[in-house]
Amino acid sequence: MECAVVGKFFSPFFSSSRSVVVEKRKLPSLHKKIKFCSSKFKMKAIQAETHLSQEAELQAEKRGSSTGVGVGELIWPSPSDGTPFWKKDFPSSGVSPEAPADVKDSDPKHIIHVTAEMAPIAKVGGLGDVVTGLARACLSRGHTVDIMLPFYECIQKQHVKDLTVITKYNSYHDGNWVPTNAYRGVVSGIPVIFIEPSNQFFKGQYVYGGSFNELEAYLFFSRACLEWMQQVTSTQPDIIHVHEWQTGALPLLYWDIYHHLSLKPRIVLTIHNMEHYGECSKEQLSKSGLEGSVYASIDKAVDDRTIGHNPERLSLLKGGIVYSNAVVTVSPTYLKETLCTGWLASTLLRNRDKYYGILNGIDTTMWNPATDIFLPVKFNDQKPEGKKFCKYYVQRGLGLASEGTQDGNHVPDITYKAPLVVCITRLVPQKGLHLISHAIKCIEELGGQMVILGKASDVQVETEFECLAKLHNQGPCIRILLMFSEELSHMLYAAADMVLVPSIYEPCGLTQMIGMRYGAVPVVRKTGGLADTVFDMDDQSNHNRANGFVFEGIDEGSLNCALDRAFMYYREKPDEWNGILKKVMEVDNSWNNTAGKYVELYNSKSVRL
């Protein structure tokens with residue numbers, strides 16, 4: 001499922017079209033010397049003494065570039081390798097739930113997440129990461145957690161432990177009762193119930209974009225989950241936690257059918273992105289067994305934008321907001337933004353008393369540079385020296401650094417001279433496409449390097465970035481990789497000096513949090529969750545929290561200023577840069593730190609009748 005515009009990379013040492021004065025970085029006077037062997041560039045460590053200038057030693061000390069790190073033997077990658085370095089065999093992650101939380105909740109709940117995505121087996125965007133991370137964190141706090149997920153044909157079954165059919169039952173759709181299988185398995189330590197209808201729903205090579213009607217498939221899935229709980233297993237969770245428009249019909253089905261039968265849980269809806277509404281006709285909603293016309297009112301599920309049109313439309317997301325006991329969005333700032341802009345603002349204002357902003361976390365077990373199986377050298381905030389080896393490893397593999405033999409066990413000057421900026425993103429308008437493409441030119445002029453990793457769903461956007469890739473991918477500064485690779489994303493975060501997130505809007509954003517975890521300083525636009533997690537280095541009113549570079553405008557000039565300042569700190573203020581690097585790595589963005597707010601919400605809602 002991986003496609004890339006990579007090409008044959010040209011890999012000379014970096015040279016900028018703009019003259020830049022860069023101070024030399026020190027390397028320790030006694031360290032391991034690297035011996036490169038044949039085309040595989042095996043690095044053998046032997047003790048040797050190097051003679052460095054006093055100035056170089058001083059600068060390296062400021063950089064924290066001690067090589068007291070367990071490098072051992074490394075095979076340096078090359079663009080000419082038959083297999084790209086991110087596709088080699090890696091050891092099994094054996095990921096288990098996050099380290100046990102310091103606090104075990106006194107009133108454990110049974111929580112069932114009903115979702116269209118789950119990392120890593122059905123991941124398209126941040127939704128899958130959030131579902132998995134929150135579920136794992138609640139498990140570690142002593143709660144019972146299940147995830148209900150469509151059994152997509154594209155799911156690789158070998159990634160599911162103990163997969164077995166547990167129930168065969170029928171669920172309603174469009175006048176018929178569809179034979180359905182329910183499977184149980186374990187993914188990343190979390191019990192998962194997979195729903196597999198016997199029709200064509202959820203068939204195809206990808207999570208989204210199959211030949212079936214997606215909206216009707218998720219209407220079926222929402223009812224099939226309730227049917228499994230009520231009719232088949234008599235499961236009575238405390239909380240049913242639904243996510244996004246795909247499961248927006250479940251609260252309607254619950255309150256107007258299944259609650260009257262026997263189910264008693266409360267419903268929590270998390271909105272991860274307000275731009276996806278689940279637009280639906282009355283006839284389509286009726287296929288779920290509800291009477292669609294009943295919901296075509298301003299106080300229920302009618303799409304406000306279509307009032308007075310023929311025909312009027314419904315919104316599953318709006319219906320979910322109205323019918324859920326609690327509605328959560330994924331950052332406090334995004335909550336404020338959604339109350340002021342967008343057609344759903346009036347609905348959210350009417351339901352303000354049950355609307356909450358809870359910042360997402362990241363899974364600090366999956367994203368941990370000290371244990372990450374995809375990294376050539378591990379590191380942490382106390383011993384960050386391995387990060388420079390990760391950077392050089394990626395530079396070598398992508399052709400951004402020379403393959404020539406080096407004298408001594410040190411990372412060449414290219415690794416220090418050229419700040420490496422990474423942008424790992426879906427290539428959609430929300431992410432600031434014009435700013436991403438402009439950053440290529442700006443970073444090149446500043447004497448830096450940039451790697452973009454991402455896929456475009458729109459053909460025109462894909463074509464534009466393919467053209468940029470053809471223009472830049474054989475040069476010394478820029479790599480544009482039009483694909484998704486979990487392995488490479490880990491390596492890029494570890495290699496990056498800076499992570500760029502220039503979103504037009506960003507409900508929460510995980511990229512900046514993951515980047516910080518790996519010592520990449522964020523350069524972000526001030527919006528949504530980016531505004532809640534990144535604070536500008538030059539903002540004297542918030543100096544204690546300063547951890548990155550922030551700009552507010554959506555124009556290229558605003559981005560230029562932020563990148564100029566970031567590059568200035570990197571090159572001219574090494575002490576302060578090292579301080580930022582250490583500071584961002586110490587920030588606790590874990591789910592164990594955030595899940596408590598969800599638990600408080602679950603407790604407050606589960607006791608209401």
(request) With sequence neighbours excluded, tell me which residues meet salt bridge (charged side-chain N to carboxylate O under 4.0 Å, His left out) with Lys582. (result) Glu586
(message) Tell me if a side-chain donor or acceptor on Lys431 pairs with a main-chain N or O of Val501 at a distance below 3.5 Å.
(response) no
Table please: side-chain donor-acceptor pairs of residues 518-525 below 3.5 Å, with sequence neighbours left out.
{"unit_1": "Tyr518", "atom_1": "OH", "unit_2": "Asn368", "atom_2": "N", "d": "3.0"}
{"unit_1": "Tyr518", "atom_1": "OH", "unit_2": "Asp372", "atom_2": "OD2", "d": "2.5"}
{"unit_1": "Arg525", "atom_1": "NE", "unit_2": "Glu552", "atom_2": "O", "d": "3.1"}
{"unit_1": "Arg525", "atom_1": "NE", "unit_2": "Gly553", "atom_2": "O", "d": "3.3"}
{"unit_1": "Arg525", "atom_1": "NH1", "unit_2": "Ser503", "atom_2": "O", "d": "3.4"}
{"unit_1": "Arg525", "atom_1": "NH1", "unit_2": "Ile504", "atom_2": "O", "d": "2.6"}
{"unit_1": "Arg525", "atom_1": "NH2", "unit_2": "Glu552", "atom_2": "O", "d": "3.3"}

(request) For Arg396 and Ser78, indicate whether the former's side chain and the latter's backbone hold a donor-acceptor pair under 3.5 Å. (result) no
(request) Keeping to residues at least two apart or across chains, list the ring-ring contact (aromatic ring centres under 6.0 Å, His included) pairs with something in residues 493-517. (result) Trp367-Tyr493
(request) Please determine, by modelled atom types, if His272 and Asn360 share a side-chain donor-acceptor pair under 3.5 angstrom. (result) no
(request) Please state whether the rings of Trp76 and Phe389 are parallel, tilted or perpendicular, taking 30° and 60° as the class boundaries. (result) parallel
(message) Return the CD1 to CD1 distance between Ile147 and Ile190, rounded to the nearest 0.5 Å.
(response) 4.5 Å
(message) Does the Lys NZ or Arg CZ of Arg545 fall within the cation-pi geometry relative to Phe535 - under 6.0 Å from the ring centre and within 45° of the axis?
(response) yes
(message) Within the 4.5 Å heavy-atom criterion, are Thr115 and Leu149 side-chain neighbours or not?
(response) yes
(message) What I want to check is whether the side chains of Tyr598 and Thr270 have a donor and an acceptor closer together than 3.5 Å.
(response) yes
(request) Ignoring hydrogens and angles, tell me if any N or O in the side chain of Gln395 forms a donor-acceptor pair with the backbone of Ala401 under 3.5 Å. (result) no
(request) Would you indicate whether the side-chain heavy atoms of Val394 and Pro376 approach each other to under 4.5 Å? (result) no
(message) Check this for me: does any side-chain nitrogen of one of Asp81 and Lys88 sit under 4.0 Å from a carboxylate oxygen of the other?
(response) no
(request) Taking the six-membered ring for Trp and the full ring for Phe, Tyr or His, determine whether the centres of Tyr570 and Trp577 are under 6.0 Å apart. (result) yes
(request) Report yes if the side chains of Gln430 and Glu506 come closer than 4.5 Å at any heavy-atom pair, otherwise no. (result) yes
(message) So, taking the atom named CD in Glu464 and the one named OG in Ser437, what distance separates them when rounded to the nearest 0.5 Å?
(response) 8.0 Å
